[in-house]
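One structure below.
On a predicted model such as this, the values are computed, not experimentally measured, just so you know. When a residue number appears, it is its place in the shown sequence, counting from 1.
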Amino acid sequence: MARKLVDLLQGLSYKTTSPVEELEQTEILQITEDSRRVEPGTLFVALRGVHADGHLFIPSAIEAGAVAVLVEELPIDPQPHILYIEVESTAEALGIMSSHWYGDPSEELIVIGVTGTNGKTTIATLLFRLFRSAGYRCGLISTVCNYVEDEAIPSTHTTPSAPELQKLLGRMRDAGCTHVFMEVSSHALAQHRVAGVHYRGGIFTNLTRDHLDYHGTFAEYLRAKKSFFDQLDKEAFALTNVDDKNGLVMLQNTRAKRYTYALRSVADHKARILECHPYGTEIELGGRQVLIRLIGEFNVYNILAVYTTALLLGMDRDEVLRRVSELTAVDGRFQTLLSPRRGYIAIVDYAHTPDALINVLETIHEIKAEGAKVLCVVGCGGDRDRGKRPIMAHEAALRCDRLLLTSDNPRSERPETIIEEMKAGLSPEELSRTLTITDRAEAIRTATMLAGQGDVILIAGKGPETSGQGDIILIAGKGHETYQEIDGVRHHFDDREIVLEQISHEA
């Protein structure tokens with residue numbers, strides 16, 4: 001497949017010393033930001049990344065056969081046979097050119113983006129399931145897995161790189177999809193990975209501390225999220241949670257049609273919790289009483305966002321209410337595993353921020369039996385925001401009877417160091433109720449053995465299946481993940497598998 005260079009530059013503001021005729025005549029055989037993938041006929045895009053500057057690799061790209069180079073700064077000694085195109089942001093240009101390369105697929109799709117700290121995966125996945133159940137052909141782009149209808153495509157990032165994202169959208173268009181629901185991460189927004197995507201709607205969930213290792217400050221993290229809504233056009237809709245203090249901030253500069261949802265504040269769309277059960281939640285939604293199969297206030301917010309989005313996309317209210325009542329939990333999101341012999345419940349959940357951990361633990365207290373204890377198995381990821389480590393441990397200790405600190409994905413850090421930084425947030429009394437077990441599998445097994453007869457175990461990252469009358473163990477942080485990253489190597493690891501293996505051996 002080849003494209004004329006001038007066609008790829010449509011819509012971009014750029015400078016070049018080359019005549020227009022050359023841009024019109026030059027054919028590009030591929031676009032890449034990776035100099036190692038350059039072949040003859042390539043347009044090489046020099047990205048300024050976190051760890052490296054692509055401008056340093058221009059000579060090797062030219063040597064490998066690049067015929068054109070996109071830059072933010074022209075080289076001191078330009079090669080006479082190479083076309084140099086200068087733009088303000090090569091990252092943003094890469095997204096737009098990648099869209100052109102695949103025929104601007106999002107223009108033919110109804111793409112809905114979901115952003116915020118918590119709830120992105122659940123909302124995007126539930127929308128995908130709801131619309132598919134209603135007969136629409138759909139695509140899903142999420143942290144857990146990408147889908148083109150029934151076809152599962154492994155996910156490596158919450159939001160893929162610009163070329164991969166546009167390729168995926170192209171596959172969805174070619175498969176006849178009409179709707180695409182996707183998570184939009186703050187990293188993707190800051191790095192312009194979603195440039196070139198035409199969104200028909202955007203959803204804001206909430207904003208709490210996360211990814212400060214990358215953004216530096218909460219203000220920068222907020223700015224990245226807000227930029228998504230700033231870029232929506234006037235034909236799109238912007239739906240925000242106004243119970244979150246930053247909900248209205250997201251709408252300040254958007255041109256999109258504005259809509260709000262909430263449980264407590266005045267809003268366009270509201271829900272009210274009537275009664276909580278171990279198997280679901282009774283809520284008032286759309287003027288009707290509905291039993292949803294999800295547990296916890298945070299999931300009521302998720303369902304409300306799904307319900308409102310479906311209405312904004314033209315679905316009949318009664319049909320939406322019926323289909324919402326049939327939706328079930330997403331893998332690794334408050335996923336429950338029951339010990340049939342000993343009666344405890346283990347809940348696996350992806351909670352990896354202080355706010356998410358608080359939400360899950362408070363939900364557990366709402367559904368646990370009187371007198372039942374709550375155990376929490378939790379760690380923090382390596383090479384990430386170190387400031388949240390003591391906060392995570394303290395918030396967990398406040399809401400559980402027994403805390404087990406362990407490894408998450410230590411990456412390049414020593415697990416023992418991460419655990420010590422978590423322990424720094426604990427009082428002497430909290431430390432007296434805390435065990436430190438570096439091996440995550442052993443920590444999970446220990447929690448199951450500490451849970452008494454009839455107890456319920458909640459494992460953060462997965463989810464609960466039943467309440468029981470005993471203790472609850474929450475295993476938090478990894479949820480759907482099927483690996484553990486240690487010293488840069490990913491090893492197979494699944495919290496759910498560890499629990500199920502332990503349950504199978506119980507007398």
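In this structure, a donor-acceptor pair under 3.5 Å is absent between the side chains of Asp355 and Asn206. A side-chain N or O of Asp243 and one of Tyr301 form a donor-acceptor pair less than 3.5 Å apart. For the 3.5 Å distance criterion, the side chains of Thr121 and Glu183 qualify, holding a donor opposite an acceptor. Donor-acceptor pairing under 3.5 Å is recorded for the side chains of Lys225 and Thr115. Side-chain contact of Arg293 with Ser325: a donor-acceptor pair under 3.5 Å is absent, judged by distance alone. For Thr205 and Asn241, the side-chain atoms include no donor-acceptor pair closer than 3.5 Å. Side-chain contact, Glu506 with Ser339: a donor N or O sits under 3.5 Å from an acceptor N or O. For the residue pair Thr143/Tyr350, the side-chain donor-acceptor check at 3.5 Å is not satisfied. Checked by atom type, the side-chain pair His198/Asp233 shows a donor-acceptor distance below 3.5 Å.
The aromatic rings of Tyr136 and His179 sit perpendicular to each other, their planes meeting at more than 60°, with 30° as the lower class boundary. Ring pair His269/Tyr307 is perpendicular by interplanar angle, where above 60° counts as perpendicular and below 30° as parallel.
Atoms CZ and CG, from Arg200 and Leu312 in turn, are 14.0 Å apart once rounded to the nearest 0.5 Å. Between the CG atom in Leu165 and the OG atom in Ser106 there is a gap of 8.5 Å [rounded to 0.5 Å]. Here the CG atom belonging to Leu168 is positioned 4.5 Å from the CD1 atom belonging to Ile141, to the nearest 0.5 angstrom. Expressed to the nearest 0.5 Å, how far CG of Leu361 lies from NZ of Lys368 amounts to 11.5 Å. To the nearest 0.5 angstrom, Thr308 atom OG1 is 8.0 Å from Tyr261 atom OH. How far CG of Leu426 is from CG of Leu403: 6.5 Å, rounded to the nearest 0.5 Å.
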Step by step, would you call Ile498 with Asp494 a side-chain contact (heavy atoms from CB on, under 4.5 Å)? CA-CA 7 Å; Ile498 303 298; Asp494 189 324; over 6 Å; no
Is there a salt bridge (Lys or Arg N to Asp or Glu O under 4.0 Å) between Arg288 and Asp318 once you walk through the steps? CA-CA 9 Å; Arg288 304 282 184 83; Asp318 290 340; 3.0 Å; yes
Working note: Arg255 + Asp230, criterion salt bridge (Lys or Arg N to Asp or Glu O under 4.0 Å); need CA distance, chi angles, decisive distance, verdict. CA-CA 7 Å; Arg255 293 170 294 166; Asp230 293 347; over 6 Å; no
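Listed here is the closest heavy atom pair of Ala236 and Ala256: O-CB, 3.4 Å. Residue Ala271 comes nearest to Leu285 through the heavy atom pair CB-CD1, 4.1 Å, listed as atom of the first residue, atom of the second, then distance. Nearest heavy-atom pair, Ala372 versus Asp401, reported as atom, atom and distance to 0.1 Å: O-OD2, 4.4 Å. Arg440 and Phe493 get closest at one heavy-atom pair: CD-CE2, 3.6 Å. Of all heavy-atom pairs between Ala162 and Gly95, the closest is CB-CA, 3.7 Å.
The closest side-chain heavy-atom distance from Leu222 to Val249 is below 4.5 Å. For the pair His492/Glu497, a side-chain contact is recorded, criterion being any heavy-atom separation below 4.5 Å from C-beta on. Proximity of Leu405 to Lys423: side-chain heavy atoms (C-beta onward) are separated by under 4.5 Å at one or more points. Under the 4.5 Å side-chain criterion, counting only non-hydrogen atoms from C-beta, Gln231 is in contact with Ser227. Counting heavy atoms from C-beta on, the side chains of Met182 and Leu140 never come closer than 4.5 Å. Under the 4.5 Å side-chain criterion, counting only non-hydrogen atoms from C-beta, Leu232 is not in contact with Phe237.
Side chain of Ser133 to main chain of Leu130: a donor-acceptor pair is present (N/O by atom type, distance under 3.5 Å, no hydrogens or angles). Between the side chain of Glu430 and the backbone N or O of Ser427, at least one donor-acceptor pair lies under 3.5 Å. A donor-acceptor pair is defined here as one N or O able to donate and one able to accept, closer than 3.5 Å; such a pair exists between the side chain of Thr254 and the backbone of Phe229. The backbone N or O of Asp383 sits nowhere less than 3.5 Å from a side-chain atom of Arg411 that would complete a donor-acceptor pair. Between the side chain of Thr240 and the backbone N or O of Gly247, at least one donor-acceptor pair lies under 3.5 Å. The backbone N or O of Pro410 lies less than 3.5 Å from no partner atom in the side chain of Ser407, so there is not a single donor-acceptor pair. One N or O on the side chain of Arg496 and one on the backbone of His480 form a donor-acceptor pair closer than 3.5 Å. A donor-acceptor contact shorter than 3.5 Å links the side chain of Thr353 to the backbone of Ala356. No donor-acceptor pair closer than 3.5 Å links the side chain of Glu284 to the backbone N or O of Ile273. Under a 3.5 Å cut-off, the side chain of Thr448 and the backbone N or O of Arg445 do form a donor-acceptor pair.
For the ring-ring contact (aromatic ring centres under 6.0 Å, His included) test, no residue two or more places apart in sequence or in another chain qualifies with His192.
A cation-pi arrangement is absent between Lys226 and Phe204 under the rule of less than 6.0 angstrom and at most 45 degrees off the ring axis.
The ring of Phe228 has its center closer than 6.0 angstrom to the ring center of Tyr199.
Electrostatic pairing of Arg132 and Asp150 counts as a salt bridge here, judged by a charged N lying under 4.0 Å from a carboxylate O.
Exactly one of Lys388, Arg384, Arg386 qualifies for a salt bridge (Lys or Arg N to Asp or Glu O under 4.0 Å) with Glu421. That residue is Arg386. Put simply, the residue from Glu485, Lys478, Gln484 that forms a side-chain hydrogen bond (donor to acceptor under 3.5 Å, both in side chains) with Asn409 is Lys478.
Annotation for Phe298: atom CZ counts as buried by contact number, over 12 foreign heavy atoms lying within 6.0 Å.
For residues 161-173, the set of pairs meeting the side chain to side chain donor-acceptor pair (under 3.5 Å) definition, not counting sequence neighbours, comprises Glu151-Arg171.
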